[in-house]
Amino acid sequence: MTTSSAGHATRRDFLYVATGSVAAVGAAAAAWPLIYQMNPDASTIAAGAPIEVDLAPITDGQAIKVFWRGKPIYISNRTKKEVDDARNVQLSSLPDPQTDQQRTKDGHEKWLVVIGICTHLGCVPIAHEGSYNGFFCPCHGSVYDTSGRIRSGPAPTNLPVPPYEFVSDTKIKIG
Amino acid sequence: MSGHSTFEPTNPVIKWIERRLPIFGLVHSSFVAYPTPRNLNYWWTFGGILSLMLGVQIITGVILAMHYTPHVDFAFKSVEGIVRDVNYGWLLRYLHANGASMFFIAVYIHMFRGLYYGSYKEPREVLWILGVIIYLLMMATGFMGYVLPWGQMSFWGATVITNLFSAIPYVGESIVTLLWGGYSVDNPTLNRFFSLHYLMPFMIAGVVVLHVWALHVAGQNNPAGVEVKNAEKDTVPFTPYATIKDGFAMVCFMLFYAWFVFYMPNFLNHADNYIPANPGVTPAHIVPEWYYLPFYAILRAIPNKLGGVVAMFSAIIVLAFLPWLDSAKTRSSRYRPLAKQFFWIFVLVCILLGWLGGKPAEGIYVIAARVATFYYFAHFLIVLPILSRIEKPRAVPNSIADDVLAKNGKKAMASIAVMLAVAGALFAGSVQDARAAEGGPVPPSEKWSFAGPFGKFNQPQLQRGLKIYKEVCSACHSLSYIAFRNLADQGGPGYNAAQAAAFAEEYKVKDGPNDAGDMFERNGRPADRFPSPFPNENAARSANGGAYPPDLSLMAKARSYDRGFPQFLIDLVTQFQEQGPNYVSALLQGYQDEPPKGFDLPPGSYYNTYFPGHSIKMPKPLSDGQVTYDDGSPQTVAQYSKDVTAFLMWTAEPHMEARKRLGFQVMLFLAIFAGLMYFTKKKVWANAH
Ligand code: FES
């Protein structure tokens, strides 16, 4: 149908390419807010602020669960035996080698604070259960020791330690 | 430039699929090879625009549903949460809310185009009736959507519209109870409306498929109204010709849409809908959304409950019978000199009805509405049937190709201009009248830093306003949608996070229960919202002589007044939307110690020039020198009022600056894109002529 010259055709091609590219840029820009809206909203982020937990009511050998950012956090007041068990371990025998010292705060070694979410597929392990008397995940049988380190089962890594600090001897701030 | 599909795939994968499911062939024959008349004008692009709007509404709607809570206690809050906290939530909500209006603008143009060019005539009757069904579904969907934010207009609109069914003899009351799922509009109603509002767009999409199918069987009508005789000469393939033309029109339409979304997002809304639903108080003036106003006028024109409802529904149903009411052989009004005139009269009557629908149902308005209602039906039932018998049409062109040659471009432009002006007037007029204000003088228009397309908040002013709120207003008024963290938000009063946290610390916030099960008080944190001065509404009422000091978070958007004709048309262009702030500021300065002679002030009330009815329960809140400013600003009532109003504008529209900034970028982009599309369209069509 068209009998235009070559120069003409080039100019047209350029116009088509320019229009097409602008359309593509526009479509991509329009898609951005449609996807980005799924991220946590401002109130969710604000609600994820650090929390303070009073340790005084937690007796020897007791573990409590608190929530921070919707995640269960285990705070365990470990007995001397539990601490010793955790520290007298051949590091090389661990699937995810980490010392208990690395996972606790100096001067507060009784206190273990871990995120209670199994690193396998996200179930909540039960405290003071399993062959190491640490944590036992009922979903697929991952066993953690008294330092929350993975010892057997399908979970690949240790229970993570959340960011926290001692604001006093009996109070921690998580987050 | 051939006729129907001759799709021959070469790609082996496509070939493989095509043999089993001929979907590519279907798409090719429907949207690529499909022959479209060469002489279509831009009125024919609104079908494409409508598909675009349906897509926009479905996508933004599905997203909004991710953040919305259909419960009477949370619906309003969750909508505010979307606008304030969700990432780009304000954009999505304004796109959706204004998208509904754009959808209706497009559908009305599309329908009037069909009326003018006789697109309902043989063999397109089914196509037309499917369109009427889509329109009905749209109305139902739009209505239910308007209920979801659960503001005052939502609630009372739902009450009034569902009560229409109570007019049905014998079973009406039972039907209404069934619709409500209770004895009044309440949580079950909201829940089912949400469910249906989510469902119906997909039903619309289904009927649209039938509509397009019927279109592709009968072929498109065209401005000449003659059928395609020679596909080679009379038509061009849909792609690229119609695609690029529709695309260009869509971009232009998006520019128009963006104007509202980014600069006038509440122009088409009712201020009352920023007041949470209150089953005990009906707004002074209930009006539906602008797109229902003509039918609302018909409803009110009939002085009988059942009669009004029947007339209102008949006004839509009559459209379905149009193909048989108008039996003229000539399709296009272009060649029907009388029908053309009556068409324009009909358009004017529809606009008039729309305008009347927004006016109070009294006096001259009722009489005018009756006359217009009579004419509306007469157009279909008397004028068109008679015209089709007596009218002598002019000769139609022999073929579409002939029509293209005898192009009457100038005339088309004039009709476009007229139609646009008329449509604009219809639309803006009805909207503005729909939010008529109560008596009392109009508040003076003040100068606001946040007005106009580039307006910004003045940070020191917001900080002073916050101080006024804290030291004066907060004694009685809550500000419950604002969190302390918001004070550090971009586009706000300009505090940093530490300052906001320190500000929060000064407040006591109720929290709990603690481990012992007790509630306790602690210092505020950035995530907390401003605590309310009263624990509940009853406590607030009893402390304030029976009046409930309203929450101030949305006050600057929840009050408005009528701007009158033709000012509202100018407002649409100048982006004036500061009725709320003008009113709030005027109210704060509008106290008079002595009511005018003859005004009977009830005990415990105060006289205010700008308050509807003048008798207000709130004592004069501000006096000169009451609050100390450390930045040297005048410590006067006038300055205090302006400052606190500006602050309240920010609390009502916290992302205004981001909105205008993004708006500028979007408008610029769309303008460039529209230009490119225009030239591309010209190049493509150069081949066709
Ligand atoms: S989730 Fe814990 S073992 Fe699978």
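Every chain is numbered from 1, with letters handed out A, B, ... down the list of sequences. Nothing here was measured: the structure is a model prediction, and the numbers come from that model.
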Look at the rings of B:Phe248 and B:Tyr678 and say which category their plane angle falls in: under 30° parallel, 30 to 60° tilted, over 60° perpendicular.
tilted
Using a 4.5 angstrom heavy-atom cutoff, name the option from [options] with the most pairs to chain A.
| options | answer |
| --- | --- |
| B:Asp489, B:Ile672, B:Val251, B:Val684 | B:Val684 |
| B:Met677, B:Arg525, B:Arg485 | B:Arg485 |
| B:Ile63, B:Leu91, B:Val86 | B:Ile63 |

Does any backbone or side-chain atom of [X] lie under 4.5 Å from a heavy atom of chain A? Answer side chain, backbone, both or neither.
| X | result |
| --- | --- |
| B:Met66 | side chain |
| B:Ile59 | side chain |
| B:Phe669 | side chain |

Where on [X] is there a heavy atom nearer than 4.5 Å to chain B: the side chain, the backbone, both, or neither?
| X | result |
| --- | --- |
| A:Ala18 | both |
| A:Pro57 | neither |
| A:Ala29 | neither |

Basic-acidic side-chain contact under 4.0 Å: A:Arg151, A:Asp145:
yes
Are the charged groups of B:Lys508 and B:Asp528 less than 4.0 angstrom apart, N to O?
no
Over 12 foreign heavy atoms within 6.0 Å of CD, B:Gln490
no
With a 4.5 Å cut-off on heavy-atom pairs, point out which of A:Ala47, A:Ala49, A:Ala46 contacts chain B the most.
A:Ala46
Checked A:Ala30, A:Ser43, A:Gly48, A:Pro40 vs chain B; the most non-hydrogen pairs under 4.5 Å come from A:Ser43
Using 0.5 Å steps for rounding, measure from the CD1 atom of B:Ile482 to the CZ atom of B:Phe530.
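Rounded to the nearest 0.5 Å, the CD1-CZ separation comes out at 7.5 Å.
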Nearest 0.5 Å please: distance from the NZ atom of B:Lys681 over to the CG atom of B:Asp246.
11.0 Å
Is the A:Cys123 SG less than 2.5 Å from the A:Cys118 SG?
no
Within 45° of the ring axis of B:Trp685 and under 6.0 Å from its six-membered ring centre, is that where the NZ or CZ of B:Lys682 lies?
no
